[in-house]
Number of protein chains: 2
Amino acid sequence: MTSKQEFIEKLRNSSLRPTKQRINICEVLFNRDKTFHFTINDLFNLIKDKTGEKVSLATVYNTVDAFLKKGYLKEIPINSNQTYFDTNVTDHHHFFDVKEEKLIDIKNEDVGPIEIQKSIPGKKIKSVEVLVKLED
Amino acid sequence: MTSKQEFIEKLRNSSLRPTKQRINICEVLFNRDKTFHFTINDLFNLIKDKTGEKVSLATVYNTVDAFLKKGYLKEIPINSNQTYFDTNVTDHHHFFDVKEEKLIDIKNEDVGPIEIQKSIPGKKIKSVEVLVKLED
DNA sequence: AATCTTCTTTAGAATAATTATAAACAACGA
DNA sequence: TCGTTGTTTATAATTATTCTAAAGAAGATT
């Protein structure tokens with residue numbers, strides 16, 4: 001069980017005051033067993049459903065952005081009309097079921113080490129992400 | 001030198017009549033030595049510059065979509081406000097220079113084989129793409 | 001607790017990419 | 001050439017995201 005204190009800590013770490021709205025957002029994002037893949041719209045709707053309180057879209061966008069910058073959320077590189085996020089911020093990869101528009105985590109171990117045998121002068125590698133598209 | 005005949009063939013294969021506008025689009029897309037990474041907006045502007053003729057945005061979108069479906073172009077999975085495409089339709093991967101918003105090809109050999117040790121019942125793998133984000 | 005300052009929320013407007021529409025036009029086959 | 005069908009285009013519509021500014025809430029100070 002994730003406690004309200006942890007949410008408040010996460011918020012403070014992200015330079016955000018712990019408000020009712022933001023705690024509701026945390027409740028939906030972080031009070032879970034499994035990793036959570038979502039779009040802003042998913043999140044927006046789930047907040048209403050789970051907490052019974054409405055949080056404005058702008059607040060949802062702002063809070064997600066702050067968590068992203070702080071590293072409490074990850075953006076998933078994928079081409080879609082909407083941006084997908086992930087509560088799993090460890091190194092890992094994804095299946096994307098194109099037909100059902102659904103993401104599935106792939107553990108790092110299930111992909112094995114990826115050695116990039118090419119480098120760009122003056123640049124260093126920030127992340128390596130594998131996207132595996134699925135079809136029927 | 002890529003010939004107009006090849007463009008016409010590509011268009012016919014994509015169930016598109018070879019019109020002046022579409023041939024201009026092909027000229028910009030396929031008359032090149034190296035791979036070409038672009039957004040619709042890039043392409044739209046280059047057509048004006050290179051051919052001196054304007055093609056409407058709608059036509060650019062429609063033609064790119066048809067080539068995508070036919071496999072003459074690839075969409076690059078990346079999170080950006082705009083969608084990126086690639087004229088290199090062979091299996092390969094990408095660097096993305098986050099700061100400069102620029103894509104660089106990585107040959108398949110420079111990444112090595114990627115073995116996905118996980119499978120989803122009823123689904124098969126359509127593609128495996130690696131995105132390497134670069135920072136300074 | 002009262003007050004002040006600063007941050008936050010919110011609805012709605014603004015922006016930007018993409019898709020849809022429907023009228024004028026061009027390619028193709030007879 | 002003519003008729004059919006596909007195409008182009010400007011513009012409107014849609015959708016995700018960002019911006020704005022006014023009202024409200026949190027935190028610090030007394």
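We name chains A, B, ... by the order of the sequence lines, and we start the count at 1 in each one.
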Check: Which nucleotide in the set dT6(C), dA16(D), dA20(C) lies at the smallest distance from any side-chain heavy atom of Ala58(B)?
Finding: dA20(C)

Note to self: Measuring from the side chain of Thr19(A) (C-beta onward, heavy atoms only), which nucleotide among dA17(C), dA27(C), dT9(C) has the closest atom?
What the structure shows: dT9(C)

Margin query: Parallel, tilted or perpendicular: which one describes the rings of Phe38(A) and Phe36(A), with boundaries at 30° and 60°?
Written below: parallel

Checklist line | Test item: Asn45(A) side-chain N/O and Asn41(A) main-chain N/O as donor-acceptor pair under 3.5 Å | finding: yes

Notebook entry, point to check: Are any side-chain N or O atoms of Lys74(B) and backbone N or O atoms of Thr90(B), one a donor and one an acceptor, separated by less than 3.5 Å?
Noted result: yes

Next item on the list: Ignoring backbone atoms, establish whether Arg22(A) has a side-chain N or O less than 4.0 Å from OP1 or OP2 of dT8(C).
Entry: yes

Check: Can you tell which of dA11(C), dT9(D), dG27(D) lies closest to the side chain of Ser56(B)?
Finding: dT9(D)

Check: In terms of side-chain geometry, is the basic nitrogen of Glu129(A) or Lys133(B) positioned less than 4.0 Å from the acidic oxygen of its partner?
Finding: yes

Check: Less than 4.5 Å apart, any side-chain heavy atom of Val132(B) and any of Ser127(A)?
Finding: no

Check: Checking all strands, does Thr83(A) fall into the base, sugar-phosphate, or nothing category for heavy-atom contacts under 4.0 angstrom?
Finding: sugar-phosphate

Next item on the list: Give the nucleotide from the list dT9(C), dT9(D), dA10(D) with an atom nearest to the side chain of Lys54(B).
Entry: dA10(D)

Check: dA16(D), dT9(C), dT5(D): which one has an atom nearest the side-chain heavy atoms of Gln21(A)?
Finding: dT9(C)

Check: Taking for each residue the nucleotide of DNA chain C bearing the nearest heavy atom, is the 5' side occupied by Pro18(B) or by Ser15(A)?
Finding: Ser15(A)

Item checked: salt bridge (Lys or Arg N to Asp or Glu O under 4.0 Å) pairs, two or more places apart, involving residues 34-55 of chain A -> Lys20(A)-Glu53(A)

Next item on the list: Within residues 59-78 of chain A, find the residues that approach DNA chain C with a heavy atom at under 4.0 Å, and present them sorted by residue number.
Entry: Thr59(A)

